[in-house]
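First comes the structure, then the notes that go with it.
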Amino acid sequence: MKVVAFERNKQGTGASRRLRNTGKTPGIVYGASSEPQLIELDHNALWHALKKESFHSSILDLEVAGKSQQVLLRDVQYHPFRQIVLHVDFQRVDPNKKLHTRVPLHFMNQETNPAVKLSGAVISHVVNEIEVECLPASLPEFLEVDLAKIEAGQTMHAKDIVLPAGVSLTAHVDAENPVIASATIPAGAVADEAASAAEGAAPAA
């Protein structure tokens, strides 16, 4: 995904406020052993880009003054109650160094799961993203989690995710192996089932 930005010379609260009044958003690019670079972006284009999941989890081609560099979106500051982006941070990517970043989880086959269809189970998504490490070229836009076979009362953990080649969980996620999804039978469904069973077992009058 390509992002066009412009060099920004002035900094400070007053300069940033004047910039926002002209429909621009201030930002910064840092990392990869280069000096931080102050930039400005078109606010409306940035606002719409931020609504796309891939903008948050993909390597972006950031063009500044005709020169392109690969970056990751690292931080976004929003106005507390107005639909305004106050500031964005991008981190330069070194193609030869592994990066640590969060990747969205896409949960698949929940509707066809037998526990959901036949037993009334409810599958909860405990987390919606997971932290991985990989070289920039191997970074997936998202990871799929197959819920086709999870049974009532079971949980799925981070290590159950099928990872693409070259991608691994970060060390602390691998060690903690957190729950990412769980299947439970609602209390009401259990009570109804028990009542039905008791009614079926009652002798005929």
Side-chain angles (χ1 to χ4, degrees), residues 1-5 25 27-34 36-37 39 41 46-64 68-78 85 87-113 115-116 122-151 153-184:
M1 186 180 294
K2 185 176 181 179
V3 183
V4 178
T25 299
I28 190 170
V29 188
Y30 61 85
S33 303
S34 298
Q37 182 180 24
I39 60 172
L41 305 94
L46 177 63
W47 178 265
H48 290 296
L50 286 166
K51 293 182 179 181
K52 299 177 182 178
E53 181 184 74
S54 58
F55 191 77
H56 296 259
S57 58
S58 301
I59 304 294
L60 307 171
D61 287 317
L62 179 67
E63 182 183 304
V64 184
S68 186
Q69 52 192 318
Q70 289 195 317
V71 300
L72 272 176
L73 178 67
R74 280 306 193 190
D75 188 48
V76 184
Q77 296 173 29
Y78 293 96
V85 183
H87 195 275
V88 285
D89 292 9
F90 296 98
Q91 181 182 356
R92 296 186 188 95
V93 169
D94 184 333
N96 300 311
K97 288 186 178 180
K98 285 189 174 183
L99 50 85
H100 290 199
T101 191
R102 292 183 174 275
V103 174
L105 300 179
H106 285 191
F107 295 91
M108 315 296 289
N109 300 319
Q110 179 166 324
E111 297 78 8
T112 58
N113 179 292
V116 173
V122 174
I123 297 179
S124 302
H125 305 162
V126 180
V127 297
N128 291 308
E129 58 183 13
I130 204 78
E131 193 172 345
V132 301
E133 64 176 6
C134 61
L135 290 173
S138 300
L139 180 64
E141 192 172 305
F142 57 85
L143 294 171
E144 291 188 354
V145 179
D146 189 354
L147 298 174
K149 297 181 180 178
I150 184 173
E151 297 179 4
Q154 287 187 337
T155 55
M156 290 189 71
H157 294 256
K159 290 184 179 180
D160 295 323
I161 302 172
V162 178
L163 299 172
V167 179
S168 60
L169 300 174
T170 57
H172 76 90
V173 174
D174 187 80
E176 294 172 8
N177 195 23
V179 172
I180 58 171
S182 64
T184 57

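Remember, it's a predicted structure, so these values are computed and weren't measured experimentally.
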Return each pair, listed once, that meets salt bridge (Lys or Arg N to Asp or Glu O under 4.0 Å) where at least one residue sits in residues 155-171; pairs must be two or more places apart or across chains.
Lys159-Asp174
Are Gln91 and Tyr30 close enough, and set up right, to give a side-chain contact (heavy atoms from CB on, under 4.5 Å), and what steps lead you there?
CA-CA 5 Å; Gln91 181 182 356; Tyr30 61 85; 3.9 Å; yes
In the structure I gave you, are the side-chain heavy atoms of Leu60 and Gln69 within less than 4.5 Å of one another anywhere?
no
Run the numbers on His157 and Thr155 for side chain to side chain donor-acceptor pair (under 3.5 Å), then give the verdict.
CA-CA 7 Å; His157 294 256; Thr155 55; 3.2 Å; yes
If the plane angle is over 60° it's perpendicular, under 30° parallel, otherwise tilted; pick one for Phe142 and His106.
parallel
Residues in side-chain contact (heavy atoms from CB on, under 4.5 Å) contact with Ala32, at least two apart in sequence or another chain
Arg92
As a quick check of understanding, evaluate side-chain contact (heavy atoms from CB on, under 4.5 Å) for Tyr78 and Leu50, giving each step before the final call.
CA-CA 11 Å; Tyr78 293 96; Leu50 286 166; 3.7 Å; yes
At what distance, to the nearest 0.5 angstrom, does CD1 of Ile123 lie from OG of Ser182?
8.5 Å
Checking the side chain of Asn177 only, and the main-chain atoms of Ala158 only, is there a donor and an acceptor separated by less than 3.5 Å?
yes
Side-chain contact test, heavy atoms from C-beta onward, threshold under 4.5 Å: evaluate it for Trp47 versus Thr25 and give yes or no.
no
Between the CG atom in Leu143 and the CE atom in Met108, the distance rounded to the nearest 0.5 Å is 12.0 Å
Report, one line per pair, each donor and acceptor closer than 3.5 Å where one atom sits in a side chain of residues 131-138; sequence neighbours left out.
unit_1	atom_1	unit_2	atom_2	d
Glu131	OE1	His172	NE2	3.2
Glu133	OE1	His100	NE2	2.7

Looking at every heavy atom in both Lys52 and His56, which two are closest together, and how far apart are they?
O-CD2, 3.3 Å
Minimum heavy-atom distance between Ser57 and Arg102, given as atom pair plus value
CB-O, 4.2 Å
Does the His87 side chain pair with the main chain of Val76, one donor and one acceptor, at a distance under 3.5 Å?
no
Atom OG of Ser58 and atom CD of Glu53: how far apart are they, to the nearest 0.5 Å?
8.5 Å
Looking at OG1 of Thr170 and CG of Leu99, how far apart are the two atoms once the value is rounded to the nearest 0.5 Å?
12.0 Å
Can you name the side-chain contact (heavy atoms from CB on, under 4.5 Å) partners of Lys97, sequence neighbours left out?
Asp94
Go through the structure and list residues passing side-chain contact (heavy atoms from CB on, under 4.5 Å) with Val127, not counting sequence neighbours.
Leu105, Ile180
Main-chain N/O of Thr112 paired with Asn109 side-chain donor or acceptor, under 3.5 Å:
no
Could you walk me through whether Ile28 and Ile39 satisfy the side-chain contact (heavy atoms from CB on, under 4.5 Å) test, starting with their C-alpha distance in whole Å, then the side-chain angles of each, then the deciding distance to 0.1 Å, before giving a yes or no?
CA-CA 6 Å; Ile28 190 170; Ile39 60 172; 5.8 Å; no
With rounding to the nearest 0.5 Å, note down the distance linking CE in Met1 to CG in Leu73.
10.5 Å
Under the side-chain contact (heavy atoms from CB on, under 4.5 Å) criterion, do Val88 and Asp75 qualify, and how do the steps go?
CA-CA 6 Å; Val88 285; Asp75 188 48; over 6 Å; no
Within this structure, what is the OG1-CG distance for the pair Thr101 and Leu72, rounded to the nearest 0.5 Å?
5.0 Å
If you compare all heavy atoms of Ile150 against all heavy atoms of Ala115, which two are closest, and at what distance to 0.1 Å?
O-CB, 3.9 Å
Can you name the closest pair of heavy atoms from Leu41 and Val4 and give their distance?
CD2-O, 4.2 Å
Closest heavy-atom pair, Ile161 versus Glu144, reported as atoms and distance to 0.1 Å, is CG2-O, 4.2 Å
side-chain contact (heavy atoms from CB on, under 4.5 Å) partners for Ala49, two or more places apart:
Phe55
Closest non-hydrogen atom pair between Ala181 and Leu147, with its separation
CB-CD2, 4.1 Å
Heavy-atom check, side chain of Leu163 versus side chain of Leu169, under 4.5 Å
yes
